[in-house]
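First up is the structure itself, then whatever we jot down about it.
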Amino acid sequence: YKVFEVMEETGVAPDVVTYNSLIDGLCKVMKVDEALKLFEEMGEKGCLPDVVTFNCLVGGFCRDKRIDEALELLQLMYERQCAPDAVTYTTLMDGLCKVGNVDEAQNLYQRMVKQNCMPTVVTYSVLIHGLCKESRMDEAYHIKKDMLTKGCRPDVVTYNAFINGLCKTGEVDKASQLLSEMFRRGRRPNVVSYNTLLDGLCKEHKVDDAKKLFKEMTVSGCAPDVITYNTLISGLCKSLRLTEAQNLLRDMEKQGIPVDVVTNNTIIDGLCKVNRVDEASELLRTMRGRNSPDVITYNTLIAGLCTHNKLQEAHVLLKEMLEKGYAPDSITYSSLVKGLCMATQDKDVHQLLKEMLEENSIPE
RNA sequence: UAUAGCUUUUCCUAACA
């Protein structure tokens with residue numbers, strides 16, 4: 001904005017690329033309405049929005065789950081004779097998939113084809129990803145066939161979507177096979193491919209296989225990232241193998257990979273699970289700056305405290321959350337409700353519940 | 001020079017027992 005103002009002051013006319021960059025930036029930080037203002041301003045200043053302008057806004061609305069408004073923009077594009085391109089349609093299809101409307105995404109795909117707009121590998125991957133998320137693997141395979149007949153080869157992301165789908169439907173073996181297939185087809189798995197499969201293995205309680213795969217990935221020259229570590233740490237924590245998880249923390253430090261909020265949240269959860277709630281609380285206290293706690297941090301610890309019948313402390317944390325401006329969500333409350341239901345010291349529970357209601361710290 | 005897709009953390013989650 002500052003540069004933009006200077007440009008205006010010094011009489012350097014912003015062009016469509018200037019506007020587009022700014023609009024996209026605003027959309028990416030969820031300020032779509034502000035972006036929309038700029039969009040209108042462009043029109044007034046005689047700078048015609050182009051397809052990229054529209055695409056950025058469509059993406060902004062989709063990210064904000066405001067699909068109807070995104071579709072209105074598509075309509076506006078037709079009216080203004082600004083032909084939507086593959087990015088427009090793909091962005092919308094992705095938005096539809098992410099709100100759980102894969103069927104509508106497929107309808108839009110048909111429309112795109114009717115308008116003679118060529119789908120790209122991204123278009124297909126979006127559909128495949130949407131279908132895989134819904135465990136509609138057969139339909140996903142069908143799309144893959146379609147794309148191949150049209151001379152469009154699946155890329156790493158396409159494969160990753162399948163790996164994820166297979167893991168989520170409990171077919172980790174098939175997912176592993178797909179990883180091998182990637183090598184054969186000249187599509188080297190990337191760090192996401194490995195992370196996805198690692199998570200699949202962990203969720204099937206095959207943590208040792210995951211550890212093996214972790215070694216394999218480094219051997220094949222794929223560098224682990226913070227998500228790789230988080231995934232493994234989570235798997236180990238779920239299996240109550242805290243020591244190994246903490247070893248991985250050391251490993252991260254050695255590799256120069258900084259931990260993030262997720263890492264800490266995962267460890268907090270792990271500590272709670274093995275009844276080391278005090279250490280978990282201590283960890284929360286160390287979280288500041290770039291690694292400030294988030295709602296999940298609090299939820300995790302509150303759930304841990306509730307599970308171990310430390311309702312007073314959970315209550316204190318709830319108050320802390322509110323004081324610090326974090327908005328408790330349905331998970332916060334269900335943890336607390338569960339804790340209150342299972343509580344063993346009945347008098348205290350009633351007192352606590354009364355307090356919480358009086359503070360308005362829990363909704364009716 | 002600007003726009004689209006994949007992975008990790010918190011509560012609950014079937015059936016049977």
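In the text below, chain A, chain B and the rest are named by the order of the sequence lines, each starting its count at 1.
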Over how many whole Å does the gap from A:Arg188 atom CZ to B:C6 atom C1' extend? 18 Å
Keeping A:Ser239 on the side-chain end and A:Arg241 on the backbone end, is there a donor-acceptor pair under 3.5 Å? no
Less than 4.5 Å apart, side chain to side chain, heavy atoms only: is that true for A:Asp294 and A:Asn265? yes
Does A:Thr300 reach a base, just sugar-phosphate, or nothing at all? Heavy atoms under 4.0 Å. sugar-phosphate
Inspect the contact between A:Lys37 and A:Asp33 and indicate whether a charged nitrogen and a carboxylate oxygen are less than 4.0 angstrom apart. no
Would you say a side-chain N or O of A:Lys238 is under 4.0 Å from OP1 or OP2 of B:U10? yes
Just the rounded figure in Å: distance from P of B:U7 to CE of A:Met217. 16 Å
Atom-to-atom span, NE2 of A:His129 to C1' of B:U7 - whole angstrom: 9 Å
Taken to the nearest whole Å, CG/A:Leu92 to C1'/B:U3 is 13 Å
Counting side-chain heavy atoms from CB outward, which of B:C11, B:C6, B:A2 is closest to A:Val17? B:A2
Among the candidates B:U9, B:U7, B:C11, find the nucleotide nearest to the side-chain atoms of A:Lys168. B:U7
Donor-acceptor pair under 3.5 Å, A:Thr120 side chain vs B:A4 base: yes
At under 4.0 Å between heavy atoms, what does A:Thr158 touch on the DNA or RNA strands: base, sugar-phosphate, or nothing? base
Counting side-chain heavy atoms from CB outward, which of B:U8, B:G5, B:C11 is closest to A:Ile227? B:U8
A:Lys168 side chain near A:Lys203 side chain, heavy-atom distance below 4.5 Å: no
Rounding to an integer number of Å, can you tell me how far A:Lys133 NZ sits from B:G5 P? 13 Å
Select one nucleotide: of B:A2, B:C11, B:U8, the one nearest the side-chain heavy atoms of A:Ser335. B:C11
Interatomic distance, A:Phe61 CZ vs B:U3 C1' [rounded to whole Å]: 15 Å
Between A:Asp94 and A:Lys98, does at least one N-O distance fall below 4.0 Å, as a salt bridge requires? yes
Where do N or O atoms of nucleotides 12-14 of chain B meet protein N or O atoms at under 3.5 Å, pair by pair?
from	atom 1	to	atom 2	distance (Å)
B:C12	OP1	A:Lys338	NZ	2.5

Contact class for A:Asp50 vs. all strands (heavy atom < 4.0 Å): base, sugar-phosphate, or nothing? base
When you get a sec, tell me which of B:C6, B:U9, B:A2 is the closest nucleotide to the side chain of A:Asp269? B:U9
What is the nucleic acid contact for A:Asp155, judged by heavy atoms within less than 4.0 Å: base, sugar-phosphate only, or nothing? base
Could you check which of B:A2, B:U8, B:A4 has an atom nearest any side-chain atom of A:Ser21? B:A2
Taking any heavy-atom pair under 4.0 Å as a contact, classify A:Thr90: base, sugar-phosphate, or nothing. base
Quick check on A:Lys310: does its NZ atom have over 12 non-hydrogen neighbours (other residues, nucleotides or ligands) under 6.0 Å away? yes
Give a yes or no on whether a donor-acceptor pair under 3.5 Å exists between the nucleobase atoms of B:G5, that is its base, and the side chain of A:Asn160. no
Of the listed nucleotides (B:U3, B:C6, B:U9), which one gets closest to any side-chain atom of A:Asp199? B:U9
Specify the closest pair of heavy atoms between A:Pro49 and A:Arg80, including all atoms of both residues, with the distance to one decimal. CG-NH1, 4.1 Å
Would you mind reading off the distance between A:Lys203 atom NZ and B:U7 atom P, rounded to a whole angstrom? 11 Å
Mind checking whether A:Pro154 and A:Lys144 have side chains closer than 4.5 Å, heavy atoms only? yes
Rounded to whole Å, CG of A:Leu179 lies from C1' of B:U7 at a distance of 13 Å
Across the strands shown, which category fits A:Val52 at heavy-atom distances under 4.0 angstrom: base, sugar-phosphate, nothing? base
I want to check something: taking the side chain as every heavy atom from C-beta on, are A:His142 and A:Asp146 in contact at a cut-off of under 4.5 Å? yes
Winner on side-chain proximity to A:Asn190, out of B:C6, B:U10, B:U8, is B:C6
